[in-house]
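Okay, so here's the structure we're looking at.
Just so you know, these numbers come straight off a predicted model, no measurement behind them. What's counted below: heavy atoms across the whole structure, side chains too, no hydrogens, waters or symmetry copies.
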Amino acid sequence: METGNDTQISEFNLLGFSKGPELQPLTFGLFLSMYLITVFGNLLIILAVSSDSRLHTPMYFFLANLSFVDICFPSTTVPKMLWNIQTQTKVITYEGCITQMYFFLVFAGLDNVLLSVMAYDRFVAICYPLNYMVIMKPRLCGLLVLVSWITSILHSLLQTSMVLQLSFCTEVEIPHFFCELNQMIQLACSDTFINNLVMDLAAVLLGGAPLAGVLYSYSKIVSSIRGIASALGKYKAFSTCASHLSVVSLFYCTSLGVYLSSAATQSSLSSATASVMYTVVTPMLNPFIYSLRNRDIKRALKRIVGIPAMHGTIVLRPKTCP
């Protein structure tokens, strides 16, 4: 392996989705809309959790952290893509590409690990409801989030530092809308055996381990719910984890679809389109999934936008009538 970036390449070209200029305004409007919805929706979740004391519980603490990550995750890729479309350029500097890849790996890893942590939280809540607050102490919750950050940062540092050791050709085009790790390794001119090995091992360890934790937690949850006698009790128990289960299914199904599409086809457009699902669409849908299926979140959101005050005036009107 080369000991440095001997070519001293200064920039890459992000090819994006379409080479046709007539489709660029449509692409710009679509991604701008999805990005604004993502930021606004997740910001509302954070405001709801932080402003309502009834939501100061472990489940909503993890949800607020997930919403913060879901704001940062698309922010590593979408603004640069929108800027390139607006300025009619495809250029990203070498430093900018490395920086984008670093933060993308950090927040992708955080999304993955936090979903596993939230599955553990639901496992404790349903399987050990009487000891829930004893087990899920604020110190443990903070420690779980801290470990998630440390793990993701260390993994990203490892992958980024190894890419920095690669040398690239003088003219490099990335067939994607952002600097994705696998694309960067494939475009390198130097030996990438170690990079591919580390990337595959990290995918197994940092991708497989959280997924295994989610599957184990939900296997115990299902077993516990089946042991509840009443149908109402089963419904209430399942409703506490239905939103998280929906988000987990969406995240892992779209992520798996990206890797399966990459392995099944060599089309860069197909790979980029599949990547949109878990990098942009999933963070955008998460706030809707949690707010539409969660009574506490809906109540807090209504209070933020002032709906409860309006309800109060409506209730008082009949009392003034003779």
Side-chain angles (χ1 to χ4, degrees), residues 1-16 73 76-77 80 90-113 116 147-213 251-252 254-279:
M1 181 182 293
E2 300 287 340
T3 58
N5 185 23
D6 295 336
T7 57
Q8 295 183 354
I9 189 170
S10 61
E11 61 186 30
F12 296 95
N13 287 325
L14 295 172
L15 299 185
F73 192 17
T76 62
T77 58
K80 177 58 180 176
K90 299 178 180 179
V91 173
I92 183 171
T93 63
Y94 175 80
E95 294 79 8
C97 193
I98 295 297
T99 302
Q100 185 184 70
M101 183 181 66
Y102 169 78
F103 284 106
F104 178 85
L105 290 173
V106 168
F107 294 116
L110 272 170
D111 229 341
N112 188 25
V113 179
S116 179
V147 170
S148 301
W149 275 94
I150 292 175
T151 302
S152 301
I153 289 174
L154 290 178
H155 166 248
S156 183
L157 281 174
L158 173 63
Q159 298 285 8
T160 304
S161 62
M162 294 191 66
V163 171
L164 287 171
Q165 302 303 313
L166 298 175
S167 57
F168 296 89
C169 303
T170 54
E171 295 183 2
V172 178
E173 292 184 339
I174 301 176
H176 221 303
F177 67 97
F178 67 96
C179 296
E180 198 245 349
L181 175 63
N182 186 44
Q183 296 287 343
M184 294 284 289
I185 294 176
Q186 290 181 7
L187 293 174
C189 295
S190 54
D191 182 25
T192 59
F193 173 78
I194 300 298
N195 296 76
N196 285 308
L197 179 62
V198 172
M199 182 176 63
D200 292 338
L201 288 175
V204 172
L205 294 177
L206 298 181
L211 178 59
F251 178 81
Y252 283 108
T254 53
S255 300
L256 185 61
V258 170
Y259 289 104
L260 290 179
S261 64
S262 300
T265 178
Q266 298 298 321
S267 173
S268 58
L269 180 60
S270 299
S271 178
T273 304
S275 298
V276 173
M277 291 302 298
Y278 81 98
T279 58

Is Ser190 reaching over with its side chain to a backbone N or O of Leu166, donor-acceptor style, under 3.5 angstrom?
no

Separation between CG of Asn196 and CG of Asn182, rounded to the nearest 0.5 Å:
7.0 Å

Roughly how far, to the nearest 0.5 Å, is the CZ atom of Phe168 from the CZ atom of Phe12?
4.5 Å

Rounded distance (nearest 0.5 Å) linking atom CG of Asn112 with atom CZ of Phe251
5.0 Å

With rounding to the nearest 0.5 Å, note down the distance linking CD in Glu180 to CG in Leu14.
12.0 Å

Within the 6.0 Å centroid threshold, strictly below: Phe73 and Phe104:
yes

When every non-hydrogen atom of Lys80 is compared with those of Val91, the smallest separation belongs to NZ-O, 3.2 Å

State, yes or no, whether a side-chain contact exists between Thr77 and Phe103 at a heavy-atom distance under 4.5 Å.
no

Please check if the side chain of Gln100 supplies one atom and the backbone of Cys179 the other of a donor-acceptor pair under 3.5 Å.
yes

Gap between atom CD of Gln159 and atom CG of Leu154 - 0.5 Å precision:
12.0 Å

Determine the minimum heavy-atom distance between Pro210 and Ser116, stating which atoms define it.
O-OG, 3.4 Å

Flag, side chain of Thr192 to backbone of Asn195, donor-acceptor distance under 3.5 Å:
no

Smallest separation among heavy atoms of Leu15 and Pro175, with atom names:
CD1-CA, 4.0 Å

When rounded to the nearest 0.5 angstrom, what distance separates CG in Leu205 from CG in Asp200?
11.0 Å

Quick one: does Ile185's side chain get under 4.5 Å of Met162's, heavy atoms only?
no

So do Tyr94 and Leu164 actually touch side chain to side chain, heavy atoms under 4.5 Å?
yes

Heavy atoms, side chains only, cut-off 4.5 Å: are Tyr278 and Asp111 in contact?
no

Sub-3.5 Å donor-acceptor pair from the side chain of Ser152 to the main-chain atoms of Trp149, do we have one?
no

If you define the side chain from C-beta out and look only at heavy atoms, does anything of Ser275 sit under 4.5 Å from His176?
yes

